[in-house]
Amino acid sequence: MKITPIRGTHDFFGQQVLKYRAIQDLISHYSRIYNFEEIITPIFESTDLFKKPLGENSDVVLKEMYTFKDKNEDLITLRPEYTTPMIRAAISNNLLEKLPKKLYGIGPMFRRERPQKGRYRQFNQINFEILGTHDVSSDIELIILANSFLQNLLPDKKINLFINSLGDKDTLSKFSSALSKYFREKKEKLSEESQNKIISNPIRILDSKDPMDVEINLNAPKISDFYSNEANEKFSNIQKILKDMSIDFSINKNLVRGLDYYCHTVFEFKTLDLGSQDTLIGGGRYDGLTKLLGGPDIPGVGWAGGIERLIMLMDDIKSLQKKIHLIIINESFREYGLKVANQLRKENINIHFDYKYNLKKSLSYANQLGVRYAIIIGEEEVQKNICTLKDLNSNVQEKKTIENIIKDLS
Ligand code: AMP
């Protein structure tokens, strides 16, 4: 019986794992210097947690959630995103007494999307959230954190930052009604997919890449016509600070993000190197969300980044640690060889033992792996309590005490 992986899932190994860990290390570094606390939540939650906050008509809720009934008939969903579970956890554990609360998390998310390059059904996200402040400094800090992280991780890649404002709470609903009206008048000219969204989710039509829709979108109502004075001021402020801090960005008036809970600032970091799945990090402000989830009426802002897409853009990682191939040429020297390995590993030296007990086979295997050094244990080594250290690049070999080998390799 051959069991194949589930569509849209993938295994991490070799370089992908090294890159995944490098991302984690860099994220830990940024979380420390920006003072975010890590939170780890279950991968499944009650379905109610997602339905309303993400929007009953959002693509995620309508089509993409992995929802199933537990044996006791409870509806359970594999988390499709991390902001709502993080806030749920902050509320459940009374973490919102001292504000602002800065939380981050890393882990798998699940969406039943059509798999393609950069789009999977199980994928990993990094999330940063700041709960409890309206201050635009928190929006700015999160954007700068994302920008610094991306520059550090992908120094040679061109990544563009797009920002927009969705205005106050009612801006989006007024905008949505105006869009519905506009698209109803143009219904015949829209693609079939967009026609289906006119009533349920007209904002999503703005994302369409269909040439017929793109043309009609050009003259669609603009969200900025629905801003309050305060929203306008907030957005100008953000732009001014980003300019002062020399962060390059463009305004994209069609950037509305897929989930219902956003307001005011929204942003995306995009690459030109990944084809259509080009957003690396996306985020924004979600001021009513914590209250909606049964918590205090506090604002929030955050972002999520996709680890798979970052991994696809990273250069290969070369291990800096020297790997030493242990060659015990005959089973009768096993005990001494294992003792030597033990001593070297206590000094944090990476010893790879291949259990072959055959000099020729072991050397050929070490060469195939591209290992630079081998330690060879034979009769003379055991009798004199020494080792032979061989450089497999130059083929130079020397007999040494274990202490000297440790000195050379540390
Ligand atoms: P979102 O929660 O949709 O704003 O997504 C945030 C980030 O997660 C995106 O910018 C992507 O980098 C990543 N992402 C979202 N959906 C997927 C997916 N299906 N497969 C891989 N990465 C994804």
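Every heavy atom of this structure was used, including side-chain atoms; hydrogens, water molecules and symmetry mates were not. Ligands are counted one by one from 1 in listed order, and the atoms in each one are counted from 1 as well. Model, not experiment: these values are computed from the prediction.
A perpendicular orientation is assigned to the rings of Phe267 and Phe269, their planes being inclined by more than 60° (bins at 30° and 60°).
Ser194 meets the side-chain hydrogen bond (donor to acceptor under 3.5 Å, both in side chains) test with Ser191, Asp213; sequence neighbours excluded. Ser165 is linked by a side-chain hydrogen bond (donor to acceptor under 3.5 Å, both in side chains) to nothing, counting only residues two or more places apart in sequence or in another chain. In this view, Arg345 satisfies the side-chain hydrogen bond (donor to acceptor under 3.5 Å, both in side chains) rule with no residue, not counting sequence neighbours.
Contacts of ligand 1 (protein heavy-atom distance under 4.0 Å) are Arg111, Glu113, Gly118, Arg119, Tyr120, Phe123, Gln125, Arg257, Thr279, Leu280, Ile281, Ala304, Gly306, Arg309.
Nearest heavy-atom pair across Val266 and Leu255 is CG2-O, 3.7 Å.
Applying side chain to side chain contact (heavy atoms under 4.5 Å, CB included) to Ile23 and the options Leu18, Leu153, Asn124 leaves one that passes, Leu153.
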